[in-house]
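Below is one structure; the comments refer to it alone.
Within every chain, numbering begins at 1; the chains are lettered A, B, ... in the order of the sequence lines, protein sequences first and strands thereafter. As the structure is a computational prediction, the values presented were derived from the model and not from experiment.
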Amino acid sequence: MTVESEYSPDSDNIMSVSLGPQHPGAGHFRIKLWLDGDYVVKSEPDPGYVHRGEEKMGEYRNYIQNVPHLERPVILDSSNILFAYSLGVDELMNNRIPPRGQYMRVIMSEINRIISHMYFLAIQGYFMGHTTMITWCMGDRDFWIDLGERIGGARVTFAYIIPGGVRNDIPEFAIEKGLKTCDWFDKRMDEYEKIFFQNPMVHQRSDRIGVLSKSDAIALGATGTVARASGLSFDVRKDEPYSSYEDFEFRTPVLTQGDSWARAYVALLDMREAVKIIRQALKKLPPGPVRLKLGPQPRVPAGEVYVRTEAARGEMSYHIVSDGSPRPYRLKIGTPSFKNLRVLPYLLRGVHVADIPVIYWGINYWPVEADR
Amino acid sequence: MSKAKASPPPAAAPNPAPAPGPKPAAAPSPTPAPAPTAPPKPEPVRAKSFASQITSRFPEVKVEWMKERRLKVVTTPTRIREVGLFSRDTLGFDHISTVSGVDWIAKNELEVEYFVGSSTPGLEDFILAVSERVPRDNPVVPTLIDVWRGAEYHERETHEMFGINFQGHPNQSHILLPEDWNDLPPLRKDYVSPGR
């Protein structure tokens, strides 16, 4: 652990420690800790090390130019951050997306959900001292990245979901490859359950660690995997189905323990549902075009929208204000990581220092996404 | 749970022509019985009922726009706490989604918007926007973190990005910007990005 520490002058036994921002696990993020021996007395998250002013940048570019830079905050989940943006612009422009385009948006969004959750589980395994999990997940994640590459052409930042539909159609061989990947991954997830989630060592490291009750999850504004592990059935895909999500059969996994184990297990259950959705969407992909022709500088009528989608980490929301000019007047990105950040200091009260990585990574926090 | 409510969204609100098409097709086919249980009223009615509940309690509140699943009301900094408490305790909007700000430089006003959702079953699809407007030269508003605790970091962000002072907020230090930032708040329209 990379720490720079100092003794607080006003108290003999409280030590203030800075965890990060250069810690390999924490990423570009710092937590200020006040410790009494091995126990955390108080903590204060300090985000902002990778703040790039995406919202200000959005005001200088037109609605199409905004596409590639808006996915930069969440390169792990790049389709889902663009999904909400595209829905917002579509709502402002009254675009009716062709059915095939809606299905392709769903497919890419769910592939990205798996890519993001695989990374999450890999690092969570690493933080729990479970080396098998990081090697397996990082390796298997590549098959999904391969599939995304066959559809979107890039490996990480696809820029695939755009206002008006998706950028290109799916090639025929990718449908076959996608169905094969789904079948293989279903079996693979059974192995994850056995080696990781039923592992007594993992249970020891995460059971009843960082418990978040349902009422606190509501009050603190938790979303996504954090909320669903605490008994809240928040899922925008079910609550307000967008982009043909009502056509697919899937469940919203909800656990009630609210501890770090549940927050990791919800991610696996999410992936099971994502595989179901991808398989259904690939099998009944409707024919037709995948996008509307919008032109390089579409005219967006004046108005105000608040749209949200279910990204891998939770509710991704956009508040877009248009004044009728080619550029957004205001572009607010509400990212799930930033919404869940308020939970972190709450969970860290009174825990051991050794439990900090498990709790921190358990809220599925991605610093770049929170900082924007 | 809101699977039953899934029938309105395909109508997609804006285009009136195809909207009546799917509805009669869906109504006679499999389930006429469960339909009255969940959506007996068309969606805008729900927004209207929330709007009328708020405006009957607070006559000075203005309804700016409403959609099937959205409602935006505009109030004043002096009443926003009561409107917030009313919408949380009586209407059930207990889950903060985001706090956003808008700089209306032509009107010399700053706007703060609280987007709140709900954990009440059946209401999870609805987002209420509670908004207030303040003059740009003296942007002081009360904090609402005692209403929605999760708004704390969102308000901190709005404070540093728009220079709005949330009175009663425990910590309004910089959260995303560098600690030594001493320029205009960057999301104000009169701040120009370097190189522009």
Side-chain angles (χ1 to χ4, degrees), chain A residues 44-49 51 53 55-57 59-60 91 93-97 214-223 227 232-236 238-242 244-247 252 303-306 308 315 317-319 321 329-330 332-335 338-339 341-343 346 370-372, chain B residues 1-3 5-10 12-15 18 64-65 67-70 72 94-104 106 111 113 115-119 121 123-127 129 148-154 157 160-161 171 174-179 186-187 189 191 193 196:
Chain A
E44 202 182 294
D46 179 16
Y49 287 90
H51 175 63
E55 294 171 4
K56 190 74 180 177
M57 277 158 69
E59 294 175 9
Y60 284 118
E91 192 180 328
M93 296 177 67
N94 284 346
N95 288 343
R96 287 179 72 83
I97 309 301
K214 185 176 173 180
S215 55
D216 287 331
I218 297 171
L220 296 174
T223 83
L232 275 171
S233 67
F234 280 159
D235 187 345
V236 188
K238 283 278 188 201
D239 294 340
E240 41 176 313
Y242 50 91
S244 304
Y245 263 111
E246 68 273 13
D247 292 2
T252 301
E304 181 179 8
V305 287
Y306 187 76
R308 43 187 200 144
E315 178 197 275
S317 60
Y318 272 84
H319 174 219
V321 180
Y329 187 78
R330 168 81 170 115
K332 160 84 188 174
I333 318 168
T335 54
F338 194 74
K339 291 171 185 176
L341 182 59
R342 184 61 188 83
V343 173
Y346 180 78
D371 293 356
R372 285 155 284 156
Chain B
M1 62 207 56
S2 44
K3 196 70 188 139
K5 288 201 302 286
S7 47
N15 284 30
E64 192 155 307
W65 44 261
K67 293 171 190 166
E68 26 179 348
R69 287 169 166 152
R70 303 284 185 271
K72 179 179 173 185
D94 51 1
H95 183 265
I96 186 84
S97 181
T98 309
V99 180
S100 176
V102 186
D103 181 7
W104 299 104
E111 182 172 10
E113 281 185 68
F115 292 97
V116 272
S118 175
S119 65
L123 199 56
E124 289 134 323
D125 59 331
F126 205 91
I127 292 279
W148 298 293
R149 236 194 316 162
E152 183 178 338
Y153 290 175
H154 297 295
E157 188 200 336
E160 68 173 359
M161 293 296 173
N171 178 10
H174 284 313
I175 183 164
L176 295 181
L177 293 179
E179 286 144 21
L187 282 182
K189 286 286 175 185
Y191 173 79
S193 288
R196 289 279 165 181

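Here the shortest heavy-atom pairing between A/E304 and B/K67 reads O-NZ, 3.1 Å. Heavy atoms only, all atoms of each residue included: B/V102 and A/H319 are closest at CG2-CE1, 3.9 Å. What you find for B/T98 and A/K332 is that their closest heavy atoms are CG2-CE, 3.1 Å. B/G150 approaches A/R342 most closely through the heavy-atom pair CA-CG, 4.3 Å. Listed here is the closest heavy atom pair of B/H95 and A/I218: CD2-O, 3.6 Å.
With a 4.5 angstrom heavy-atom cutoff, A/A222 touches chain B only via backbone atoms. The part of A/F234 that comes within reach of chain B is its side chain, from C-beta onward, which places non-hydrogen atoms under 4.5 angstrom from that chain. Contacts of A/V343 with chain B are absent, with no heavy-atom separation under 4.5 Å from either backbone or side chain.
When side chains are defined from C-beta on, A/P47 does not count as touching B/Y153, because their heavy atoms never get closer than 4.5 Å. Side-chain atoms of B/L176 and A/R372, non-hydrogen and from C-beta on, do get closer than 4.5 Å to each other.
By the 4.0 Å N-to-carboxylate-O rule, B/R70 lies close enough to A/E240 to be salt-bridged with it. Electrostatic pairing of B/D103 and A/R330 does not count as a salt bridge here, judged by no charged N lying under 4.0 Å from a carboxylate O.
Taking B/K189 as the reference, A/E59 meet the salt bridge (charged side-chain N to carboxylate O under 4.0 Å, His left out) condition, with sequence neighbours excluded.
Aromatic ring pairs are classed by plane angle as parallel below 30°, tilted from 30° to 60° and perpendicular above 60°; the pair A/F338 and B/H154 is perpendicular.
Here the side chain of A/K56 pairs a donor or acceptor atom with the backbone of B/P186 at under 3.5 angstrom.
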